Each structure stands twice: as C-alpha cells, then as structure tokens.
Amino acid sequence: MRIAFRFRLVPFVATVVLVGLGVALGQWQTRRADQKLALQAKLASANAQAPLRLDGAPIALAQAEWRRVAVRGTFVANWPVYLDNRPHGGQAGFYVLMPLRIEGTDRHVLVLRGWLPVDAARRQHIMPYATPAGAVAIEGIARRDAGHVLQLGDPVPPSPGAIVQNADVPQVAAASGLRLLPFVVQQTSGGLDNLVRDWPAPELGVDKHRGYAFQWYALALTALLFFVITGILSGRKQNR
C-alpha cells in the first residue's frame, strides 16, 4: 500500500525549529544532570577524606572546595559582614561572615559563622552574639562563596558591620586589605555564640534536570510525529 505524504514548507520549518530546540535543550539539561552527578561524587569523596588543615600556606580553590577543613586562629571581630535575606525555618535573618586570622601567619580566611534572626522591631539592628577574643579552633566545609541571593539595585560594598546582599572573597579582600584564602569556610563546629549553624544541604537536583531533559526530548518527538502524521493525513485527502 502506497502512503501519500503532502509536504508543506511552513509546518516543515516549524518542525525543524521545534525539534532542534527540544534536542538542544534536552542535551543541555542532560549535561547539567551529569555535572550534578560529578559534584555528588566529589562531595562524597571530600567527606570521606580527613579534614584539610589550613596553616596559612597558599591553597587553590579547586584543592579545597567541598573539603572538610580545620583551622586555628583569631577572629577579626571588628570586620563582620552581615548577609541579608537568608531565611531559616521560615524566619528572616542574616548570615554572619567574619575573617579569621590564621594562627602564626598574616593570612586570613573568611568564616561563615552562622545565622542570626532579624530583629522584627529594628531591622537594621543586629541581634547580640558572642565572638571569642582569643584563638579558637574552627572546623567546617570549604565553599567557593557564601551563596548568592537576587540583588536588586546597586550592590552595597562590604565594610565593617555592613548589611549586604552578597559578598565574595575578592570584594572583602579589596575592602579590608586582608590577605584571604580564595574560599569561605562554612563553620560546622559548635560554640556558645548564639549563632545557628544548621546549614542547608547543597541542592543538586539531578532528577529535576533529568525530568526537564525528558520533557524537551518529548517535545521534539511530538513535533516530529505531528508533522509526519498531519502530512500523511493531508496526503490522503489530496488523493481522494
């Protein structure tokens, strides 16, 4: 039985565009899933290793990121930076970011010390918390940065006691003049300082990316089938 097919240029062009778009976006989501799987493996490997001890020697971000680290030093208590719009348990609050001078060196590392709730009556007022005066031992996770939130308007540069949306290591280094290691330590060790260190787990979303990839590939297949089926139906009508 001979199958009649009616070719139409406009539907063909539309199909090519939709198929190309669906395949391209599906591949992009697949790559994102693969990247998240690689990160998942990196996290598992880093967690299995002994803590990396920071002694002031230069260390690259790639060598430290996601590793458990240990460092001893003294907080630069007059240089806190408060990261705004960091909710916890449904409550508004700040992250406290503070440099730590590594013991026996002139190098520092930024420590994401913990979370503080916002004072509902006076939003710019920082709730009290304690900062040790002497040397302390800190353990935590090395992160590229303290995380980012949506920035509206011109960013406020970091300064001692400033409330900002985001603050990267290079920004704090430039503003403070301190020699900083190229990462942030997300503190996990405890302390009587009134700070909450219940950090959210990294959002990997591997299944989410795979789901999106399936949807885009399905769109490409649906567009192709629609073009073929409507072409065949039009061809049959034309041959009657």
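What you see is a predicted model, and the numbers here were worked out from it, not measured in a lab.
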So which heavy atom on [X] is nearest to which on [Y], and how close?
{"X": "A142", "Y": "F183", "answer": "CB-CD1, 3.9 Å"}
{"X": "R67", "Y": "L52", "answer": "NH2-CB, 3.6 Å"}
{"X": "G56", "Y": "T105", "answer": "CA-CG2, 3.9 Å"}
{"X": "R86", "Y": "A146", "answer": "NH2-O, 4.0 Å"}
{"X": "M98", "Y": "P80", "answer": "CE-CB, 3.8 Å"}
{"X": "T15", "Y": "A223", "answer": "CG2-O, 3.7 Å"}

Checklist entry - Hey, does the Lys NZ or Arg CZ of R113 hover above the aromatic six-ring of F75, less than 6.0 Å from the centre and inside 45° of the axis? => result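 Yes, a cation-pi geometry holds between R113 and F75.
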Would you say that [X] contacts [Y] through its side chain, given a criterion of any heavy-atom pair below 4.5 Å between the two side chains?
{"X": "W66", "Y": "R144", "result": "no"}
{"X": "T131", "Y": "D193", "result": "no"}
{"X": "H148", "Y": "D168", "result": "yes"}
{"X": "D106", "Y": "R101", "result": "yes"}
{"X": "L178", "Y": "L110", "result": "no"}
{"X": "P158", "Y": "V172", "result": "yes"}

Next on the checklist: Set out, in order, the CA-CA distance, both residues' side-chain angles and the distance that settles side chain to side chain contact (heavy atoms under 4.5 Å, CB included) for H108 and V76, then state yes or no.
Outcome noted: CA-CA 9 Å; H108 299 70; V76 184; 3.7 Å; yes
Item to check | Whether over 12 other heavy atoms sit under 6.0 Å from W216 CH2 | outcome: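 Result for CH2/W216: open.
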Item to check | Exceeds 12 heavy-atom contacts within 6.0 angstrom, atom OH of Y212 | outcome: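 No, OH of Y212 has 12 or fewer neighbouring heavy atoms, counting only those of other groups under 6.0 Å.
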Checklist entry - So, the side chain of S189 versus the backbone of I138: is there a donor-acceptor pair under 3.5 Å, distance only? => result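 No; zero donor-acceptor contacts below 3.5 Å.
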If I take atom [atom1] from residue [X] and atom [atom2] from residue [Y], how far apart are they, to the nearest 0.5 angstrom?
{"X": "R68", "Y": "Q186", "atom1": "CZ", "atom2": "CD", "value": "14.0 Å"}
{"X": "R72", "Y": "I102", "atom1": "CZ", "atom2": "CD1", "value": "13.0 Å"}
{"X": "R32", "Y": "T30", "atom1": "CZ", "atom2": "OG1", "value": "12.0 Å"}
{"X": "L195", "Y": "M127", "atom1": "CG", "atom2": "CE", "value": "11.5 Å"}
{"X": "D198", "Y": "W115", "atom1": "CG", "atom2": "CH2", "value": "10.0 Å"}
{"X": "L112", "Y": "R197", "atom1": "CG", "atom2": "CZ", "value": "10.0 Å"}

Determine whether [X] and [Y] fall in the same hydrophobic cluster, where Ile, Leu, Val, Met, Phe, Trp and Tyr are linked whenever their side-chain heavy atoms lie under 4.5 Å apart.
{"X": "Y129", "Y": "L100", "answer": "yes"}
{"X": "V111", "Y": "V81", "answer": "no"}
{"X": "V23", "Y": "L224", "answer": "yes"}
{"X": "V16", "Y": "F226", "answer": "no"}
{"X": "L180", "Y": "W79", "answer": "yes"}

Checklist entry - What class does the angle between the rings of F12 and F227 fall in, given that below 30° is parallel, 30 to 60° is tilted and above 60° is perpendicular? => result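 Tilted: the ring planes of F12 and F227 meet at 30° to 60°.
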Next on the checklist: Using side chain to side chain contact (heavy atoms under 4.5 Å, CB included), reason through V169 and D145 one step at a time and then give a plain yes or no.
Outcome noted: CA-CA 7 Å; V169 174; D145 50 48; over 6 Å; no
Checklist entry - Step by step, would you call L54 with V185 a side chain to side chain contact (heavy atoms under 4.5 Å, CB included)? => result CA-CA 10 Å; L54 307 180; V185 174; 4.1 Å; yes
Next on the checklist: Which residue is it: L97, I126, V164? I am looking for the one with a side chain to side chain contact (heavy atoms under 4.5 Å, CB included) to Y82.
Outcome noted: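 Looking at L97, I126, V164, the match for Y82 under the side chain to side chain contact (heavy atoms under 4.5 Å, CB included) is I126.
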Item to check | Intermediate values then yes/no, side chain to side chain contact (heavy atoms under 4.5 Å, CB included), D84 and F94 | outcome: CA-CA 5 Å; D84 201 358; F94 306 104; 3.5 Å; yes
